[in-house]
Every structure is written in C-alpha cells, then in structure tokens.
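Quick notes on the structure that follows.
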Amino acid sequence: MSNTVLSVQDVTMQFGGVVAVNNLSLEVHEGEIVSLIGPNGAGKTTAFNVITGVYAPTNGAVDFHGKQIICNHPKGKMDKLYAGENKGKYKKTLEPTPDKITKLGIARTFQNIRLFKELTVLENVLIAKHMRMKANIFTDTFLLSWKEEKQMKEDALELLRILDLYDVRNEIASSLPYGKQRHLEIARALATDPSLLLLDEPAAGLNPQETDELTAFIKRVRDQFHLTVFMIEHHMNLVMDISDRIYVIDFGKLIASGTPNEIQNNQKVIDAYLGVAEDD
Amino acid sequence: MTEKKKSQLSILFSVIALIGIAIVLFCVNRFTPPTFMLRTVLQLGAIYALVAVSMNLLNGFTGLFSLGQAGFMAVGAYTFAIFTIPVSSRPGVYYLYGVADWLKNIHLPILAGLLAAGLVAAVLAALIGAPVLRLKSDYFAIATLGFAEIVRIIVGSTPMNRVTNGSLGLKMIPKFPNFYFPFLISGICILIIALLLRSSYGRAFKAIREDEIAAEAMGINLAKHKQMSFIISSFFAGIGGALMGMFLGAITSTTFNITLTYNILLIVVIGGMGSMTGSIISAFLVIAAREWWLRFLDQSTYIGSFHVPLLKTGFRMVVFSIILMIVVLFFRKGIMGMKEFNWNFILNRLDKKDPAASAGGEGNE
C-alpha cells in the first residue's frame with residue numbers, strides 16, 4: 001500500500017493508575033478500511049479519543065499524513081505514576097483540541113449517536129461545514145457573505161443527495177429512524193471534508209439487514225469520497241467483509257494485526273475475543 | 001404552493017404585520033394621554049424584550065446558563081448615564097462629591113452613548129469571559145451571578161463616587177427623544193440578533209447547545225464561539241441597560257440587583273428557551289401583567305363590605321412566583337418552545353394540499 005495516512009506511535013493513555021491504552025502502535029494507509037476490534041473495555045474508544053484530541057495521551061505520538069499532530073510525555077504527578085513503556089522517548093508536548101484535529105481532516109462518528117437532535121438534517125450537515133467558512137461573524141450576520149452561505153447550502157444538499165438523505169433534509173434529526181441517524185452521522189462527518197474517517201461502532205444497534213446496508217454504504221462512501229476509513233466494530237460479519245486489515249487489542253495492548261483471514265485463524269485472538277463471539 | 005412562493009408570502013405577511021404594529025404604536029402615541037399605562041407597558045416591554053432576547057441568545061441558543069444579565073445592564077446603564085448627562089446639569093447630579101476631572105467635558109450624543117454602553121459591556125464580557133467560560137453549567141451560572149453582584153457593588157462604592165456618584169446614583173439621564181425611540185432601537189438590535197442566529201455562526205451556537213462534544217468534533221472551536229456569544233449577548237444587554245436608564249431617568253446600583261436578572265429569566269423561560277419570538281411575546285405579556293393587569297393584587301379590595309383576603313402590597317409577586325413555578329412544572333417549554341413564530345398556520349390553510357411545514361421564522365417584533 002501507498003502513503004501512510006495515520007500512524008499511532010507508542011500511545012499510552014493512563015487514567016490515574018489505570019492504563020486504558022498501553023503502548024499502542026498502528027498504521028493506516030491511504031484508501032484502506034482498517035478495523036480495530038477487541039473485547040469490551042479493551043480501550044478501543046479511548047484510542048479513538050486520543051486520535052481525535054478528546055484526551056491527550058499520557059505518552060506517545062500520532063502522525064497524520066506524515067506530520068506529527070499529537071505528542072505528549074508523562075508530566076507532573078503522572079511522571080511518578082506512569083506505568084507504561086517508552087518513557088522518555090517523546091519530549092514534545094502537542095495537545096490540540098478536537099476541533100483542530102477535525103480541521104486537519106480527521107472526522108469521526110460516535111458510538112452512541114450524537115446528532116444535534118433538535119435541528120434539521122440539513123442544519124446538522126451545515127454545522128459541519130461551518131469551520132471551513134471564511135466569512136467572519138460580522139459579514140455573515142449582515143448577509144454580506146450570502147454567496148458563501150449559498151454555496152455551503154448547495155454543497156450540503158449535494159452531499160445529502162449523494163447519501164440518500166435528501167428527502168428527509170427538513171426533518172428534525174431525532175425523528176429519523178435509527179438506521180438513518182447512523183447514516184446522517186456519517187454524512188455529517190463527511191461534510192467536514194475529511195481524508196480520514198473514524199467510525200466508532202457504526203453498526204451498533206442495527207439489525208442484520210441494516211448492517212448489510214451499512215457495509216455497502218461505507219464501501220461506497222470510501223470510493224466516492226476517496227477516503228481512508230478506520231473503524232471500531234463488534235459485528236464480525238461486517239468487519240471481516242469490509243476490512244483490508246484488522247488490529248486486535250485486549251486490555252489496552254495490541255495482541256494481533258493482519259488481514260481478516262490471518263486474524264480469524266490467530267489463536268490469541270480466538271482466545272481473547274472471537275471465541276466468545278461465536279454466536280455472532 | 002412552492003417553497004419560494006411560501007417564503008414570499010411569509011415576507012409579505014411580515015411586512016403587513018410590521019406596518020400593523022407601526023400603526024398601533026402611532027395610534028397609542030396619538031390618542032392616549034401621556035400617563036396612560038399602555039404607553040409605559042409598551043416601552044418597558046420593548047426594553048425587556050431586547051434584554052430577554054440577548055439573554056436567550058446565551059441561555060437558550062448557546063446553552064450557557066448565565067445569570068449575569070443585570071450586571072451587564074448596569075454597566076451599560078451607567079456608561080450611558082455618565083457620558084450623556086448634560087454637562088450643565090452635572091453639578092446638580094454630582095452635588096455631593098463633584099465630577100471626576102477627566103469626565104468634566106466629555107459628553108456624547110444619545111446614539112453614541114448607546115453604542116458606548118454596548119461596547120463597554122462587551123469589553124467587560126471579553127475580559128471575564130476567558131476564565132468564566134471554562135466553567136460548566138451551574139458553576140458558570142454562579143460565576144456570572146457573582147460577577148453581576150460585584151459590578152453592582154463596585155458601581156455603588158465610595159472610590160467610584162466621582163464617576164458613578166456612589167450610592168446616590170445618577171439622575172437627569174436624557175429621556176427618550178420621542179415615544180418611538182425604544183421600539184426602534186430594540187427592533188434594530190433584535191433584528192441583528194435574529195440575523196446572527198440564522199447565520200452559520202448562529203447554527204454553530206445551536207450546535208454547542210445541542211451537544212458540546214459533537215460540536216467540537218465537527219470542528220467548532222468551543223472557546224471562541226462561546227466567547228463570541230457571551231460578548232454579543234452582553235453588548236445588547238448593555239444597550240438594554242442604557243435604554244432602561246433612559247426610561248427611568250434615574251438609576252442607582254440597586255436598580256440592577258439580582259431580582260432584575262430573575263425577572264428577565266422569568267420572561268425567557270415563559271417565552272421558551274431558544275425562541276426569540278417567544279421571548280418578545282412573553283416580555284410584553286409579563287410586563288403588562290406585572291405593571292398593569294395584576295396591579296389589583298397589590299391593593300386591598302372590598303367587594304361590597306367583604307374584604308378580599310390576601311390582597312395587599314407584595315401579593316402580586318407571590319402570584320408571579322406561583323406562575324413561574326407552574327410554567328416550570330407543567331409548561332417546561334414555555335409559550336413557543338424552541339420554535340419561532342411563523343406564518344405556516346395561515347399558509348397551510350391557504351393551501352391544504354401541501355402538508356409540508358417548512359421552517360421560515362419571522363424574527364422581529
């Protein structure tokens with residue numbers, strides 16, 4: 001595979017004495033769909049939260065398109081408490097807030113849907129386009145940048161049309177059926193113009209048919225928007241079907257990585273995770 | 001009916017309504033005696049409408065529960081008064097302590113004074129915004145409440161004697177140049193807030209209200225946007241305070257005590273958190289009820305020889321508190337909820353075949 005889009009290096013996330021993510025390193029290449037799987041509480045969402053800037057890692061760094069975007073090392077009282085590895089390898093402190101990360105081109109969805117519930121579908125998408133806006137608050141208020149506004153709206157409608165949400169554009173987001181809300185969350189993430197899309201359990205709560213639809217949807221989105229997709233998922237059918245590569249973590253540590261085939265036959269993974277998910 | 005035609009009709013109705021309001025105001029001005037209650041109620045209502053909308057911008061649209069509105073009104077009112085009291089009447093106003101030297105010859109016209117009132121309030125909001133906006137929900141409310149009290153106490157304190165006239169307060173504040181003045185200023189300010197809320201920045205504010213974490217993940221800089229909302233809200237609260245000063249003619253630091261904030265909060269809650277038109281409607285209703293319709297509750301009354309119990313000074317406020325409790329318990333969404341007033345109810349009747357009720361807010365009085 002070609003360029004590395006995302007590279008997570010030795011990331012450790014420690015809350016007090018609890019090590020949620022331990023020395024995690026992984027890479028996602030351009031155009032790939034990569035899955036992160038593991039039992040509940042393994043630290044998958046924490047890893048996502050580190051990548052998207054919600055938490056600053058205790059130690060480690062994250063590169064995006066070859067440029068370091070996050071870097072931290074244990075400081076203050078964490079210095080004594082630190083239980084992970086590679087202490088002292090990272091010296092810089094770089095802790096951008098989530099909005100800065102999104103601006104760089106990493107968009108995400110949430111495990112438990114977090115739409116702007118009382119707003120319409122169109123408004124949800126428009127809000128995601130807000131950060132790319134050039135107009136300042138004065139020109140925007142006094143309608144001096146109406147051209148940009150109009151362009152924004154057209155782009156948003158176009159996106160909704162592509163993603164089959166055009167018909168419901170004026171509906172309130174919370175009134176949509178669950179499956180559609182999932183789609184809308186992805187649409188909203190796409191509206192931020194990302195090059196990397198992080199999906200946190202996109203199929204959670206969907207029935208088998210909806211899951212199949214979502215599989216097709218994610219593939220289509222990746223091809224149409226030339227994206228790289230990195231996702232957390234528990235539905236093994238979806239994961240095995242869609243992923244180019246899979247990373248497996250357990251207790252915050254990476255225990256395996258490889259193609260779906262390799263993972264399915266990996267004894268460590270079967271013991272830690274797949275074995276218990278037989279009925280899936 | 002197409003959406004375009006609908007919006008055209010909405011604009012037409014809005015224009016007709018505005019003209020209607022203008023005619024009503026004109027008639028009130030023309031045909032009622034200067035002391036008539038309706039005049040007071042309308043003017044005060046317009047001022048409260050502006051302040052309520054500015055508070056709603058923060059509390060209802062950005063989801064920041066602030067209780068500092070009275071503080072910013074005080075700043076606005078005092079700024080306005082200090083700069084616009086005619087130079088000739090200053091010796092009379094500052095008869096005890098005298099005027100500060102730097103202030104002696106500064107005098108602003110009314111409109112510049114209003115702008116200054118807003119700007120000073122906004123600058124103050126910018127200064128305290130950075131630390132205070134880090135706090136979440138209740139803590140933010142307490143901090144802003146504290147700020148409002150600090151402002152009130154500083155303004156009335158002895159070191160400020162030669163500027164704010166300390167606890168004596170300021171009088172001889174220029175009155176409204178004409179009957180329409182408060183309506184015009186409030187109308188313009190509310191229109192600006194309405195335009196802001198329909199802009200992309202307004203949408204970003206609403207996103208923060210709906211879900212901070214998601215808003216931040218969508219690239220909205222929380223600190224920056226909260227700060228903007230706080231400053232703008234304070235700017236208009238400052239102007240509202242100045243209008244209040246003009247209306248009253250005289251202010252002291254106790255004019256802007258905590259009850260004032262609660263009165264505004266009452267208006268916002270009754271109108272609906274997150275609805276501008278709700279705030280406007282409820283401002284006029286609440287002021288009319290308080291100053292006019294419920295006055296009888298404060299006077300002891302006899303029906304025949306029967307002395308109606310409970311009716312005595314202060315009972316009005318008890319009734320008011322009960323109304324607030326009922327609203328909070330049973331009508332949590334207020335008059336308008338989060339919706340804005342629009343003409344769809346007429347448009348849909350005109351065109352029964354088209355069931356789509358698209359949003360098309362009408363955002364001024």
Side-chain angles (χ1 to χ4, degrees), chain A residues 48-49 52-54 97-110 113-120 122-146 148-149 152-153 169-170 172-174 185 188-189 191-194 198 200, chain B residues 3 6 57 60-61 63 122 134 188-189 191-229 231-232 235-236 272-275 333 337-339 344 355-361 363:
Chain A
F48 259 39
N49 282 340
T52 53
V54 177
T97 46
D99 56 287
K100 303 236 165 51
I101 304 254
T102 309
K103 226 167 180 172
L104 291 172
I106 302 180
R108 74 171 295 182
T109 66
F110 295 90
I113 298 180
R114 280 179 174 275
L115 290 170
F116 305 121
K117 291 196 189 74
E118 301 283 334
L119 304 181
T120 65
L122 178 60
E123 282 176 310
N124 266 276
V125 174
L126 283 173
I127 284 164
K129 292 208 166 285
H130 174 69
M131 66 162 178
R132 304 269 181 227
M133 193 169 202
K134 288 185 203 76
N136 66 36
I137 191 161
F138 291 103
T139 57
D140 199 25
T141 299
F142 295 108
L143 307 174
L144 298 172
S145 53
W146 58 275
E148 194 180 0
E149 250 323 296
M152 237 169 105
K153 200 163 178 182
R169 65 190 181 283
N170 289 327
I172 299 294
S174 58
E185 227 197 1
R188 191 181 63 174
T192 63
D193 257 335
L198 302 183
D200 193 349
Chain B
E3 257 177 49
K6 260 189 167 177
L57 169 66
F61 288 99
R134 287 166 171 271
I188 291 171
C189 292
L191 184 70
I192 293 173
I193 299 178
L195 284 172
L196 167 71
L197 284 171
R198 62 149 291 293
S199 77
S200 184
Y201 285 85
R203 270 196 301 271
F205 293 162
K206 288 181 209 164
I208 294 173
R209 168 192 72 195
E210 295 290 318
D211 192 326
E212 267 189 27
I213 295 172
E216 198 174 24
M218 290 304 118
I220 292 170
N221 186 332
L222 288 186
K224 189 176 136 202
H225 283 79
K226 282 180 176 177
Q227 180 89 333
M228 282 197 283
S229 175
I231 290 173
I232 293 166
F235 177 80
F236 289 112
M273 297 272 251
S275 168
K333 293 196 154 176
M338 274 202 205
K339 295 191 188 69
N344 284 340
S358 63

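Residue numbering restarts at 1 for every chain, and letters A, B, ... go by the order of the sequence lines.
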Quiz item: Does any non-hydrogen side-chain atom of A/Leu119 lie less than 4.5 Å from one of B/Met338?
Solution: no
Quiz item: Which of these, A/Ile127, A/Leu126, A/Asp140, sits in a side chain to side chain contact (heavy atoms under 4.5 Å, CB included) with B/Ser200?
Solution: A/Asp140
Quiz item: What part of B/Ile193 gets closer than 4.5 Å to chain A, counting heavy atoms only: side chain, backbone, both or neither?
Solution: neither
Quiz prompt | Distance in Å, B/Glu210 CD paired with A/Glu118 CD, rounded so as to fall on 0.5 Å steps | solution = 5.5 Å
Exercise. With sequence neighbours left out, write down each residue that passes side-chain hydrogen bond (donor to acceptor under 3.5 Å, both in side chains) with A/Glu123, or none if nothing qualifies.
Key: A/Thr120
Quiz item: Under a 4.5 Å heavy-atom cut-off, does chain B meet the side chain of A/Ala128, its backbone, both or neither?
Solution: both
Quiz item: Checking A/Lys103 against chain B: side chain, backbone, both or neither under 4.5 Å from a heavy atom?
Solution: neither
Quiz item: Which distance, rounded to the nearest 0.5 Å, do you find between the CZ of A/Phe110 and the CG of B/Asp211?
Solution: 7.0 Å
Quiz prompt | Region of A/Glu149 in contact with chain B, defined by heavy-atom distances below 4.5 Å | solution = side chain
Quiz item: Heavy atoms, side chains only, cut-off 4.5 Å: are A/Asp99 and B/Asn221 in contact?
Solution: yes
Quiz item: Mind checking what makes side-chain hydrogen bond (donor to acceptor under 3.5 Å, both in side chains) contact with A/Asn49, not counting sequence neighbours?
Solution: A/Arg108
Practice problem: Please state whether the side chain, the backbone, both or neither of B/Ile232 comes within less than 4.5 Å of a heavy atom of chain A. | Solution: side chain
Self-check item: B/Ala223 versus chain A, the contacting section by heavy-atom distance below 4.5 Å
Solution: neither
Quiz item: Can you say whether A/Thr52 sits under 4.5 Å from chain B via the side chain, the backbone, both, or neither, judging by heavy atoms?
Solution: neither
Exercise. Counting only heavy atoms closer than 4.5 Å, note whether A/Ala191 contacts chain B via side chain, backbone, both or neither.
Key: neither
Self-check item: chain B contact via A/Arg132 - side chain, backbone, both or neither, heavy atoms under 4.5 Å
Solution: neither
Self-check item: Nearest-0.5 Å distance, OH of residue B/Tyr201 to CE of residue A/Met133
Solution: 6.5 Å
Quiz item: Could B/Glu216 and A/Lys100 be called an ion pair, given the rule that one side-chain N must be under 4.0 Å from one carboxylate O?
Solution: no
Quiz prompt | Which portion of A/Ile106 sits near chain B, non-hydrogen atoms under 4.5 angstrom | solution = neither
Practice problem: Mind ranking B/Arg198, B/Lys206, B/Met228, B/Arg203 by heavy-atom pairs under 4.5 Å with chain A and telling me who comes out on top? | Solution: B/Arg203
Practice problem: Pick whichever of A/Thr97, A/Ile101, A/Leu115, A/Asn136 has the most heavy-atom pairs under 4.5 Å with chain B. | Solution: A/Asn136
Quiz prompt | Crowding at CD1, B/Ile213 (>12 non-hydrogen neighbours, <6.0 Å) | solution = no
Exercise. Kindly indicate whether the side chain of A/Phe116, heavy atoms from C-beta on, has any atom under 4.5 Å from the side chain of B/Met218.
Key: yes
Quiz item: So do A/Met131 and B/Ile220 actually touch side chain to side chain, heavy atoms under 4.5 Å?
Solution: no
Quiz item: Which pair of heavy atoms, one from A/Thr141 and one from B/Ile192, lies closest together, and at what distance?
Solution: CG2-O, 3.7 Å
